[in-house]
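Order of listing sets the numbers, starting from 1, for every ligand and every atom in it. Heavy atoms only: backbone and side chains are in, while hydrogens, waters and symmetry mates are out.
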Amino acid sequence: MPDHLPPGRPDAADRSAPSAGTNPIIVAIDVPDLDQAVSLASRLEGEVGMFKVGLELFGGYGPAAVERIAEYGPVFLDLKLHDIPTTVERATRRLSQLDGVEMLTIHATGGPTMVAAAVEGFGDAGTILAVTVLTSLSDEELARVNMPPADTQVEALAFMAVDAGAPGLVCAPRDLGRVRSLVGSDVAFVTPGIRPAGEGDDDHARAATPTRAMDDGATHLVIGRPITRADDPVAAARAILADL
Ligand code: C5P
């Protein structure tokens, strides 16, 4: 364990990984229109493990977006909450009442009290996932906001979040191995930036293949365009699953 981190939870290394169920694919429904989103979800029902609803759909349609998509499978609600602990606890409590939300994201940089408040508020509705450092932030940009380089922060934030009670983390593929060995194996590891071999990386600086990410310890894979922009999204999802 790196010196700059606090002592680990004593049983961290012994715990086993949560089951990702039979299907670790979370398909990112990144479309602006709810009917389009529902159409995608209905085609992919039973073919993927979960549907990711993000700020665009939630911003446009609110809880109705979750309710409609949840008719076709569990929802990963990616709102990346970051506020004072009381506000986050009250927000997660309200969101826990939405049927079908199984995972909800928060920012680890809100600190341990905020992480604990989110977990408390969400209760047993599902899994709170802490995001460490946005991969869109370069080290230069982090310096502009007086923060250390991403590599320095990721481990400390991941450790802090799990220590504060977060049962899961959102993790870039390149960070999976070292973060996983640090926080133990019963933590859910949700990884975006996934590209099947032979496909372009789009805007991902460091994409990983589905197999590589699972081998490195991911429990769930967030996959958007390789499935949603395919001529046949069902075939694309099946091909990825068959490779795992
Ligand atoms: O289409 P694509 O597979 O690239 O979609 C990835 C999804 O994962 C998008 O919804 C994007 O917002 C999300 N993402 C993320 N964190 C990153 C990169 C992508 O949550 N570092």
Side-chain angles (χ1 to χ4, degrees), residues 23-34 36-37 40-41 44 47-61 65-66 69 73-82 101-109 127-139 141-142 147 149-151 153-154 157-158 161 166 168-176 179 188-214 216 218-233 236-237 239-241 243-244:
N23 193 326
I25 298 175
I26 300 174
V27 69
I29 310 275
D30 292 326
V31 293
D33 178 71
L34 186 54
Q36 219 183 326
L40 254 175
L44 289 164
E47 304 289 344
V48 297
M50 230 177 278
F51 296 107
K52 186 183 103 140
V53 171
L55 286 166
E56 186 178 16
L57 268 183
F58 198 78
Y61 302 93
V66 173
I69 299 296
V75 169
F76 165 31
L77 189 54
D78 190 18
L79 301 183
K80 298 189 179 73
L81 302 178
H82 187 177
V101 178
E102 286 203 358
M103 288 180 160
L104 173 68
T105 52
I106 61 170
H107 271 292
T109 43
T127 305
I128 289 286
L129 302 170
V131 175
T132 54
V133 182
L134 293 174
T135 53
S136 54
L137 283 169
S138 66
D139 288 347
E141 276 188 295
L142 286 166
M147 290 175 87
D151 280 351
Q153 287 190 64
V154 166
L157 285 169
L169 297 167
V170 177
C171 207
R174 67 173 180 148
D175 298 326
L176 275 171
V179 172
F189 277 88
V190 177
T191 308
I194 300 299
R195 286 295 176 272
E199 289 203 18
D201 289 351
D202 291 311
D203 39 10
H204 294 292
R206 291 177 206 81
T209 63
T211 342
R212 175 68 198 265
M214 293 300 284
D216 284 348
T219 57
H220 303 76
L221 308 172
V222 177
I223 306 177
R225 288 162 291 182
I227 293 175
T228 59
R229 76 176 168 198
D231 292 336
D232 183 346
I240 292 169
L241 204 55
D243 257 3
L244 296 177

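Protein heavy atom at the shortest distance from atom 4 (O) of ligand 1 is His204 NE2, 2.6 Å. Ranking the protein heavy atoms by distance from atom 20 (O) of ligand 1 puts Lys80 NZ, 3.7 Å first. For atom 21 (N) of ligand 1, the closest heavy atom belonging to the protein is Thr135 OG1, 2.4 Å. Nearest non-hydrogen protein atom to atom 9 (C) of ligand 1 is Asp30 OD2, 3.2 Å. At the shortest separation from atom 2 (P) of ligand 1 among protein heavy atoms lies Arg195 NH2, 3.4 Å. Among all protein heavy atoms, the one lying closest to atom 11 (C) of ligand 1 is Lys52 NZ, 3.8 Å. In terms of protein heavy atoms, atom 14 (N) of ligand 1 is closest to Pro192 CB, 3.7 Å. When only non-hydrogen protein atoms are considered, atom 7 (C) of ligand 1 lies nearest to Val222 CG1, 3.8 Å.
For the pair Asn23 (side chain) and Glu47 (backbone), a donor-acceptor distance under 3.5 Å is present. No donor-acceptor distance shorter than 3.5 angstrom exists from the side chain of Asp243 to the backbone of Thr211, with no hydrogens or angles considered.
Residue contacts with ligand 1 for Arg229 are absent, since no atom lies close enough (heavy atoms, distance under 4.0 Å). Under 4.0 Å from ligand 1, the heavy atoms of Pro226 that appear belong solely to its side chain.
For Val31 against Leu40, the heavy-atom pair with the smallest separation is CG1-CD1, 4.3 Å. Closest heavy-atom contact between Thr191 and Ala218: OG1-CB, 3.6 Å.
Geometrically, ligand 1 and Ile223 share no nitrogen or oxygen pair separated by less than 3.5 Å.
Using a 4.5 Å cut-off on side-chain heavy atoms (C-beta onward), Leu129 and Asp78 make no contact. When side chains are defined from C-beta on, Met103 does not count as touching Lys52, because their heavy atoms never get closer than 4.5 Å. Counting heavy atoms from C-beta on, the side chains of Pro24 and Leu244 come closer than 4.5 Å. Taking the side chain as every heavy atom from C-beta outward, Phe189 and Val170 never approach each other to under 4.5 Å.
Residue Gly224 has at least one heavy-atom neighbour below 4.0 Å for each of these atoms of ligand 1: 1 (O), 2 (P), 3 (O), 5 (O). Listed by number with element, the atoms of ligand 1 under 4.0 Å from a non-hydrogen atom of Arg225 are 1 (O), 2 (P), 3 (O), 4 (O).
The pair Asp151-Arg174 meets the salt-bridge criterion, since a charged nitrogen lies less than 4.0 angstrom from a carboxylate oxygen.
Residue contacts with ligand 1 do not include Glu56, since none of its heavy atoms lies under 4.0 Å from the ligand.
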